Number of protein chains: 2
Amino acid sequence: MSPVGGPPISPIAALMAVVQTIRVILRCVRNKDIDNDRHVSLLSGPEARRKTLPSLGALGSKNSTGSPIGGPESSAPRAEGRGTWGGNDFSYRLQFPFVGTIGDVAKHAGVSTTTVSRHLAGQKIRSAAAVQASIEALDFRASHTARSLKSGVTRTIGLVVPDVSNPFFATVAKGVESVSRQLELNVFLSNTDENVERERNVLEGLIGRVDGVILVPAREGSNNTGELRRAGVPIVLLDRILTGADDLDSVLVDSRGGAEQAAKHLMSFGHERIGLISGPLDTTPGRERHDGFVEAMQSAGVDLEPALVQIGDFRLKSGYQATLRLLGLPTAVTAIFSANNLMTIGVLRALRHMAVRVPDEVSVVGFDDLELAELLSPPLSVISRPAVEQGVLAMRLLRNRMEDEGPDQAQHIVLDTFITARGSCANLEHPRRLHRKKDKGFAEASPPRTDSNE
Amino acid sequence: MSPVGGPPISPIAALMAVVQTIRVILRCVRNKDIDNDRHVSLLSGPEARRKTLPSLGALGSKNSTGSPIGGPESSAPRAEGRGTWGGNDFSYRLQFPFVGTIGDVAKHAGVSTTTVSRHLAGQKIRSAAAVQASIEALDFRASHTARSLKSGVTRTIGLVVPDVSNPFFATVAKGVESVSRQLELNVFLSNTDENVERERNVLEGLIGRVDGVILVPAREGSNNTGELRRAGVPIVLLDRILTGADDLDSVLVDSRGGAEQAAKHLMSFGHERIGLISGPLDTTPGRERHDGFVEAMQSAGVDLEPALVQIGDFRLKSGYQATLRLLGLPTAVTAIFSANNLMTIGVLRALRHMAVRVPDEVSVVGFDDLELAELLSPPLSVISRPAVEQGVLAMRLLRNRMEDEGPDQAQHIVLDTFITARGSCANLEHPRRLHRKKDKGFAEASPPRTDSNE
DNA sequence: TTGTAAGCGTTATCAG
DNA sequence: CTGATAACGCTTACAA
C-alpha cells in the first residue's frame, strides 16, 4: 500500500489495496503468523473463520476509515466504510466468510438451540417466524458435518468406475448423478483404472464417508468390498459382478445374449472365420461376451480355432494390437467382434492403418454403441444397451438398501441388449461396395439397418 | 425359519435362515419396531450399529446355538457357532458392522484417548506398539466426520460441470480425479445440464461439504458463486469464466485463437461462405470462438452475412438443426465451423442425412477432438486442446488456494489450442474425391494432414 | 411447547 | 510424555 500523502491513486486502487491488506492479514491469521495482539487469537479451522472477525473490526478501524464490525449479536459480519485517499473519496464494503451456528440463531431469536433445531427439522414451534427471520438475517446454514456426526449418515454415495473417460461409464455416471440429485445425495466419483490395488484403496477410503457405493469392480475374482461391508455400507454392483458376492444387488446387461446376437449376425452373412477380441476373462462382461460368442459359434457348428480369440484389456490400444494379430494369421479373418467400445475404436484404427476395407474385406461388430458409430463409413454395427438406465437402476437399488426398503434378498437386474445393425457387416461371398444413401430423414436414432451398397 | 424338528433341511439352508433372521432383527431395530426387550435399546444411526450388538448376542443364544458375543472389551464383534438342524451339523460365523472409536482403542491399549489421537497424528508416544496393536485388533478407523467437525476441513472438493457425458468434460473429470487422488481428496461430481438454476442449487448444496470447487459455469453472466465465496470456499473456473469475477483463478484455452485457426484453415482452401455454428454467446467458449472466427473473417476482408452465424447450445441436436438451417440458405455454404464436439456430431449427422458430401460439397472443422474423428470418412479436421491438462491444472490451482500457497492474485492460465488437420476440408475450386490411403503406420496419433483424395 | 444437558468421535489446551 | 477436559455444531431424551 502506498503511504498516505503519496501520489494520487484512484478510489478503485485504494479499495483494492484495502482488500488486499485484509486478505493478507486473514492469511497470516490462518497461518498463525500473528500472536501478539489480544484481538487476534491463535485459531485454526472454523474458529479462524469466525473468531478472528472482531479483531478484523479493530484492524479495520486502525488501518483505514472503516467502521468497526458489530458485536457478537450482529448478523453476518462485514466491514464497510468510506475514506479519502490521494484526494479522492472512496467507499468499500467487505463481507467476511462467516459460518453461524444454531447457537447464534438461538441467541438472535431469543430461544434455545433446541427450538431452532426443531424448527430446522420441520417441527412446529411457537416462534417459527422469529427463528426463520434470524436464520435469514444471519444467513445461517446448518453444518452438514455436525449433522453427519450426530446422525451417522452422510447423504453421500460413492461411484467407483474403472474409467470415467470411457463414454459408457460417463453415461452411467450421468444416470447415477441425475437420480442422486433428486434424492439430494452427493456423489463421490472415483476412477480405479481397471486396477485392483487402486480399487482397494479407493473403497477403503470411502469407509465412513458414504452411505452406499455403486461399484464397477475391476476384476471378478478380486473382492475388495470386505472392509466396506464390515462397516455396514450397502453396495450395488454395476455392469460387473464379483464371484461369491451373490448377496450384493447388481445391475447387469445380458452380455452373453449380446455376444450371441453379434455372432449370429456375423454368421448370417456367411462368416465363419470370425476373430473375437475379448475383454479380460476375469471381468463379467469379458467372460460373458467371450462365452456367449464362443457358444453361439459352437452351437452353429462352426470351429473357432484358438488363435481367433484375442484377449484385450478393454482399452483402445489392446483392440488395435489384437486386430494386428488377427490380420497376421495365416488364414485371414473375414470378420471381427470386439467386446467393448474402446477396443472397437482400436479395431477400426488398425483396419484403417492396414488399409483393410470394412465391410468388403472384414466385417465388424462392436459391443456398446458410440455417438459417432452411425457416421462412420460404413456405419458401425453394434450391440447396444441402455447405459443411462443401468446407472439409474443401480442408484435406485442402492437407495432401497440405504433406506432398508424393498426385498431383503439381493436383487439382480439384467437388462436386454439389442443389435443396432448398420453397415459394417457384409456378405462373405459377395462383398459389397459402399455408396452414400440418399436419406433425408430427420430421425436422430436410426432404426436397425443392414443395408450398405454402392 | 422352520421349527426345530420339522422336515430335514440342509446346513446351508439353516445357516441362511439364521442369517436372514438376524438381518430382519437388525432391520427392526433400525426401524425402531422393537421396544420391549431390555437387550434391544431404541437407537438410530451409528448407535444402532454398535450398541445393538450385545443384544444380538443374547438373541443369538436364545434363537440358535450361537455363542454369545464377547464383552465390550472384545474386538470387532462377531457371532459364530455350530449346531444341528434337521439331523445335519452346520456352523456359521457372522461379523457385524462395527465402528470402533478412539475410546475403544484407548481402553483396549490401556491409555487415554489423547494418546491414541497423538499416535494417529504421527507423534511419538511411549506405547506406540501397543496402541498400534489395538488399532489393528479392533480394525479401527478414525471417523472422517468427527475429524471434519473438529478441523473444519472436509478433504473434499466439488467438480461442477455442465454435462459429464460430454467427452470433453469426462476427460477433464479424469484429470481432476487423478490429481485429487494423489492429494487424497475426494471429488463430488455434479452436473448442471447447462442450467443456471440447477447450478445455483448445486453450488449452494456444496457449502459446508467441500474445501474447494472447480466450476465450469453455465453462463458467463450468471454468477452463482456468491454464497460459496461468502462461506470462504476457494473456487477455480474451468474452461469458462464469469463476468466480473476476475479474482477467481481460471484455466482456459485460447478459444479465440483456435477459432481463428479454424477460419484461416478454411479460408486457405478458398472458402468464403463459411457457416459458423456457435455456442451460446453468454458462455466464454461460445463468445470467444464466435468472436475469434468473425474477426478472422473480417480481417481477411471476407463478408460474413448474419444468416451464416447460427447460435446453438453446445448440444448435439442444436448442431444438427443449425446445419439444416445453413443448408437451407438461398446461397449454399461451402464450409462449416462448429464450436464444440457435440454440435459437430450434429453437423455431420445433418450433412449425412441431407446427402451432402464432405469435403466435396462442404468442408467441416470442429472445435474439440473426438476419439473417432480420425476414422471418419473423411477424417475430421478439428481444433484440439489439452483436456486432461486443463483438469490437472485446475486441480493444482485449487490446491494452492486451499493451502494458501502461491501468489495472492488470481491466476489465469490459458492453454494453446492447435489444429489437427485431417481430411474434412477441401479446395473450393477443385473439390477432391475420397480414396483410402495405403498407410501401414503404427502411429496412434496421426500428425496433422490435409490430404484427402480418391 | 420449551429448555437443559448429554452425547456423536475427534483434537487442542493445559496441567501434571 | 501423558491424561483429564473442553470444545466442534448438531440432535434428542428428559424434565419443566
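Letters A, B, ... mirror the listed sequences (proteins, then strands); counts begin at 1. Everything quoted here is computed from the prediction, not taken from an experiment.
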Rounded to the Å, how far apart are [X] [atom1] and [N] [atom2]?
{"X": "B:Arg118", "N": "C:dT11", "atom1": "CZ", "atom2": "P", "answer": "11 Å"}
{"X": "B:Arg155", "N": "C:dT10", "atom1": "CZ", "atom2": "C1'", "answer": "16 Å"}
{"X": "B:Arg209", "N": "D:dC10", "atom1": "CZ", "atom2": "P", "answer": "13 Å"}
{"X": "B:Arg141", "N": "C:dC8", "atom1": "CZ", "atom2": "P", "answer": "21 Å"}
{"X": "B:Asp104", "N": "C:dG9", "atom1": "CG", "atom2": "P", "answer": "8 Å"}

Using OP1 and OP2 only, check whether a side-chain N or O of [X] sits under 4.0 Å from [N].
{"X": "A:Arg147", "N": "D:dT11", "answer": "yes"}
{"X": "A:Ser112", "N": "C:dG3", "answer": "yes"}
{"X": "B:Ser117", "N": "C:dT11", "answer": "yes"}

Check: Among residues 119-129 of chain A, which contact DNA chain C at a heavy-atom distance under 4.0 Å?
Finding: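 The answer is A:Ile125, A:Arg126, A:Ser127.
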
Can you tell which of [options] lies closest to the side chain of [X]?
{"X": "A:Thr113", "options": "C:dA5, C:dT13, C:dG3", "value": "C:dA5"}
{"X": "A:Lys150", "options": "C:dG3, C:dA12, C:dG7", "value": "C:dG7"}
{"X": "A:Ile102", "options": "C:dT2, D:dG3, D:dC10", "value": "D:dC10"}
{"X": "B:Ala142", "options": "C:dT10, D:dC14, D:dG3", "value": "C:dT10"}

Next item on the list: Determine the contact category for B:Ser143: base if any of its heavy atoms lies under 4.0 Å from a base atom, sugar-phosphate if only primed atoms, P, OP1 or OP2 are that close, otherwise nothing.
Entry: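 Here B:Ser143 touches the backbone only, sparing every base.
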
Margin query: Base, sugar-phosphate or nothing for B:Thr115? Non-hydrogen atoms, less than 4.0 Å.
Written below: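 Contact class for B:Thr115: sugar-phosphate only.
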
Item checked: 5' precedence on DNA chain D between B:Ala146 and B:Gly110 (nearest-nucleotide basis) ->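 On the 5' side of the pair lies B:Gly110.
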
Margin query: I need the single residue from A:Asn224, A:Leu215, A:Asn191, A:Leu189 that forms a side chain to side chain contact (heavy atoms under 4.5 Å, CB included) with A:Val160. Which is it?
Written below: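 Filter result, single survivor: A:Leu215.
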
Margin query: Just to verify, which of B:Leu159, B:Leu185, B:Ile214 counts as forming a side chain to side chain contact (heavy atoms under 4.5 Å, CB included) with B:Ser180?
Written below: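 Result: among B:Leu159, B:Leu185, B:Ile214, B:Leu185 is the only option passing the side chain to side chain contact (heavy atoms under 4.5 Å, CB included) with B:Ser180.
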
Checklist line | Pairing of A:Arg399 and A:Glu405 as salt bridge, 4.0 angstrom limit | finding: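 Yes, charged N to carboxylate O under 4.0 Å.
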
Check: Between the main-chain N or O of B:Gly205 and the side-chain N or O of B:Arg209, is there a donor-acceptor pair closer than 3.5 Å?
Finding: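 At least one qualifying donor-acceptor pair exists.
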
Item checked: Backbone N/O of A:Arg147 and side chain of A:Ser151: donor-acceptor pair under 3.5 Å ->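 Yes; at least one donor-acceptor contact below 3.5 Å.
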
Notebook entry, point to check: Below 4.5 Å, heavy atoms only, C-beta onward: do A:Glu227 and A:Ile207 meet side chain to side chain?
Noted result: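 A side-chain contact exists here, since the closest heavy-atom pair is under 4.5 Å.
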
Checklist line | Donor-acceptor pair (no angle test) under 3.5 Å: A:Thr114 side chain, D:dT11 base | finding: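 Looking at the base of D:dT11, it does not pair with any donor or acceptor on the side chain of A:Thr114 (distance under 3.5 Å).
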
Item checked: A:Ser117 and A:Thr114: side chain donor to acceptor below 3.5 Å ->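 There is no such pair (donor and acceptor under 3.5 Å, judged by atom type) between the side chains of A:Ser117 and A:Thr114.
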
